[in-house]
Amino acid sequence: MHKIPHRLHGTDFPGSSESFGQVFNPATGEQIAEVHLANAEDVSVIVADSVEAAASWGSSSLSKRTEVLFSFRALIASNADRLAKVIAEEHGKVLGDALGEIARGLENVEYACGLAEHLKGSFSSEVSTGVDVASTLEPLGVVAGITPFNFPVMVPLWMAANAIACGNAFILKPSEKDPSAALLLADLWEEAGLPAGVFNVVNGEKTAVESLLAHRDVSAISFVGSTPIARTVYETGTRNGKRVQALGGAKNHMVVLPDADLDLAADAAVSAAFGSSGERCMAISVVVCVDPVGDALVTAISERTNRLVVGPASDPTAQMGPLITAEHRDKVARAITSADDDGATLAVDGRGCVVPGSELGYFLGPTVIDHVTEAMSVYEMEVFGPVLAIVRVATFDEALRLINTNPYGNGTAIFTRDGGAARTFAKGVTVGMVGINVPLPVPVASYSFGGWKDSLFGSHHMYGPEGIAFYTRAKVTTTRWPDPATSIVDLGFPRTR
Ligand code: NAD
């Protein structure tokens with residue numbers, strides 16, 4: 001069985017741990033590899049290497065860093081098909097979707113290519129007589145990124161591109177479910193000319209994460225994953241004196257007002273609910289129909305859902321792949337059953353979906369559940385699968401209340417032709433990313449990505465300007481060149497006037 005190692009200073013590193021995780025191809029149900037799961041000692045070895053690498057990379061010229069980032073950008077683009085294949089094999093998403101993920105990751109590399117502009121400090125001349133002040137943005141040293149299974153290329157690039165551009169050494173702890181893309185990214189960084197050790201990879205689970213959180217030489221942690229783990233990572237990391245940004249789970253609502261274009265809204269709901277089998281933190285999982293739009297919209301959504309082609313990435317006609325594991329597929333199927341038991345209506349039932357030739361894959365058909373209420377567990381939980389709940393409400397205010405009382409606040413969308421209603425929604429909703437007739441409002445790389453409430457712990461959003469701020473610390477230098485002849489002893493607190 002192929003064994004997936006860590007990456008230390010440009011070479012494969014098996015570490016000393018005897019623990020392994022299993023890596024499956026979700027479309028076939030076959031185990032395809034074993035991944036080394038690091039222990040604390042393995043993490044220490046990798047961090048020590050990163051500390052050394054950070055010292056020289058942090059003082060490298062901006063032009064050298066820019067050159068590496070530009071080369072890396074070109075390599076990601078020219079290796080997109082290779083990366084997509086690796087994603088598809090271990091994650092299961094179809095190739096078009098994998099290429100979309102790579103394109104959105106690439107955007108972040110392009111943003112980081114502008115590092116000379118992002119890392120400009122500020123300077124004030126003559127803040128007091130003969131005194132100047134300069135503020136510079138310095139790297140933190142060693143920073144770590146802990147990433148989820150659902151975007152094995154894009155989320156690491158959200159973090160690593162800016163972290164490295166800012167002069168830090170970056171340690172990636174990818175999901176143990178689909179770790180191979182991380183190693184391919186490491187190859188591409190190396191080929192781009194990044195010095196060894198600036199991008200290391202540690203594979204593992206809880207022990208690896210806890211070791212990173214405990215290690216005094218790791219200055220900052222970027223985490224993306226489920227809310228309970230995000231909360232723990234935030235609490236532990238900050239208790240240990242680290243800077244932490246921890247992005248969690250979601251329950252994204254899409255409101256459809258009666259004046260919306262129904263075909264457009266139905267296309268958007270189906271695309272955003274079932275793309276990547278609903279395993280996206282920005283997936284729409286609830287459509288809120290404001291009366292009287294419900295019946296017509298559910299019909300339009302159901303028609304489109306029934307036409308979706310479920311299958312493996314090797315089938316070019318497939319639009320939606322399997323779920324990540326058999327356990328997760330079963331959990332999502334149980335959520336559908338619970339909704340049925342709770343009295344909701346299964347407008348489209350994806351349980352029992354069989355893909356000919358891929359019978360052992362972790363497939364579940366797209367499911368639309370109508371007449372869901374707030375009290376149902378399918379509404380309360382983050383399902384993270386191809387399940388779209390429909391909630392019907394009488395008024396716009398009721399739709400807004402539903403979203404604002406939800407503990408999550410990652411993304412949301414409104415579909416309407418009424419600019420005033422859209423503006424009121426955008427202003428009043430307690431969610432970090434809002435779409436107006438845009439169902440997946442993932443910000444472009446020059447803005448930052450982040451939810452509110454239980455969808456993000458920490459003060460910084462991910463990537464864009466907030467990413468640069470997260471991976472740097474300001475140093476303010478106050479300078480004067482006085483005439484020694486005028487120098488006196490003065491114990492008073494220095495004044496500027
Ligand atoms: P997860 O929380 O299970 O795992 C995320 C990372 O944490 C992985 O690297 C994993 O190895 C590690 N981990 C798992 N258990 C741990 C533990 N007990 N202690 C320490 N580390 C642990 O998440 P997942 O299943 O890989 O990804 C899906 C989740 O991620 C969903 O909840 C989804 O909403 C969320 N997500 C959020 C965003 C966002 O930007 N907010 C983006 C993508 C995914």
Side-chain angles (χ1 to χ4, degrees), residues 19 21 23 26 35-38 40 43 90-93 101 104-105 108 144-159 171-179 181-182 201-214 221-237 244-252 275-285 323-325 327-329 331-332 381-385 407-412 431-433 440-443 448-458 460-464 466-467:
S19 274
V23 179
V35 59
H36 284 266
L37 301 177
V43 170
E90 293 182 359
H91 176 284
K93 63 178 77 173
E101 147 170 16
R104 294 308 301 265
N108 286 272
I146 300 159
T147 54
F149 78 83
N150 65 324
F151 285 112
V153 167
M154 181 183 78
V155 171
L157 292 179
W158 281 2
M159 302 170 180
I171 301 174
L172 175 60
K173 206 304 282 169
S175 168
E176 66 285 1
K177 299 191 178 87
D178 48 10
V201 178
V202 59
N203 280 308
E205 308 174 309
K206 189 168 187 261
T207 305
V209 171
E210 286 173 347
S211 306
L212 287 167
L213 289 171
I221 300 276
S222 297
F223 174 90
V224 176
S226 58
T227 287
I229 313 287
R231 187 181 275 118
T232 304
V233 164
Y234 180 74
E235 288 173 357
T236 312
V244 182
Q245 52 177 186
L247 278 62
K251 190 84 187 175
N252 304 315
S276 203
S277 304
E279 290 176 327
R280 289 178 183 149
C281 66
M282 290 292 275
I284 290 296
S285 53
L323 295 182
I324 185 70
T325 59
E327 296 72 35
H328 187 54
R329 187 258 326 267
K331 184 177 163 208
V332 177
M381 67 189 289
E382 183 189 26
V383 179
F384 217 59
Y408 295 108
N410 214 39
T412 189
V431 171
M433 293 171 283
L440 284 179
V442 177
S448 299
F449 180 108
W452 287 12
K453 301 185 277 187
D454 285 357
S455 295
L456 186 147
F457 303 94
H460 286 89
H461 288 197
M462 188 78 58
Y463 70 72
E466 297 215 15

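Note that these values count all heavy atoms, side chains included, but never hydrogens, waters or copies made by symmetry. One-based numbering, in listed order, for ligands and for the atoms of each. Nothing fancy with the numbering, it's 1 onward along the sequence.
- Proximity to N150 (heavy-atom distance under 4.0 Å) selects the following atoms of ligand 1: 43 (C), 44 (C).
- Residue Y408 does not touch ligand 1, judged by heavy-atom distances below 4.0 Å.
- Not a single N or O atom of T227, backbone or side chain, sits closer than 3.5 Å to an N or O atom of ligand 1.
- Ligand 1 places these atoms under 4.0 Å from at least one heavy atom of E176: 10 (C), 11 (O).
- The shortest heavy-atom contact between G409 and K453 is CA-CE, 4.0 Å.
- The minimum heavy-atom distance between E176 and V23, with the atom names listed, is O-CG2, 3.8 Å.
- A40 and S211 get closest at one heavy-atom pair: CA-OG, 3.4 Å.
- Residue contacts with ligand 1: C281 is placed with no nitrogen or oxygen under 3.5 Å of a nitrogen or oxygen of the ligand (distance criterion only).
- Counting protein heavy atoms under 4.0 angstrom from atom 4 (O) of ligand 1 gives zero.
- Distance from atom 8 (C) of ligand 1 to its nearest protein heavy atom, with residue and atom name: T147 O, 3.2 Å.
- Between E327 and K331, no side-chain nitrogen of the basic residue sits less than 4.0 Å from a carboxylate oxygen of the acidic one, so the salt-bridge criterion is not met.
- Heavy atoms of M282 found under 4.0 angstrom from ligand 1: none, in either backbone or side chain.
- Within the structure, the closest approach of G248 to ligand 1 falls below 4.0 Å when heavy atoms are considered.
- Ring geometry for W158 against F449 counts as tilted: the plane angle lies between 30° and 60°, on a 0 to 90° scale.
- Atom 27 (O) of ligand 1 has as its closest protein heavy atom P148 CB, 3.3 Å.
- Scanning both residues, S276 and K93, for their nearest heavy atoms gives OG-CE, 3.7 Å.
- By the salt bridge (charged side-chain N to carboxylate O under 4.0 Å, His left out) test, R104 pairs with E107, sequence neighbours left out.
- Taken to the nearest 0.5 Å, the CZ atom of F151 stands 6.0 Å off from the CD atom of E101.
- At the shortest separation from atom 16 (C) of ligand 1 among protein heavy atoms lies I229 CD1, 3.6 Å.
- Of all atoms in ligand 1, numbered sequentially from 1 with element shown, those under 4.0 Å from a heavy atom of I146 are 6 (C), 7 (O), 9 (O).
- Shortest contact from atom 1 (P) of ligand 1 to any protein heavy atom: S226 OG, 3.7 Å.
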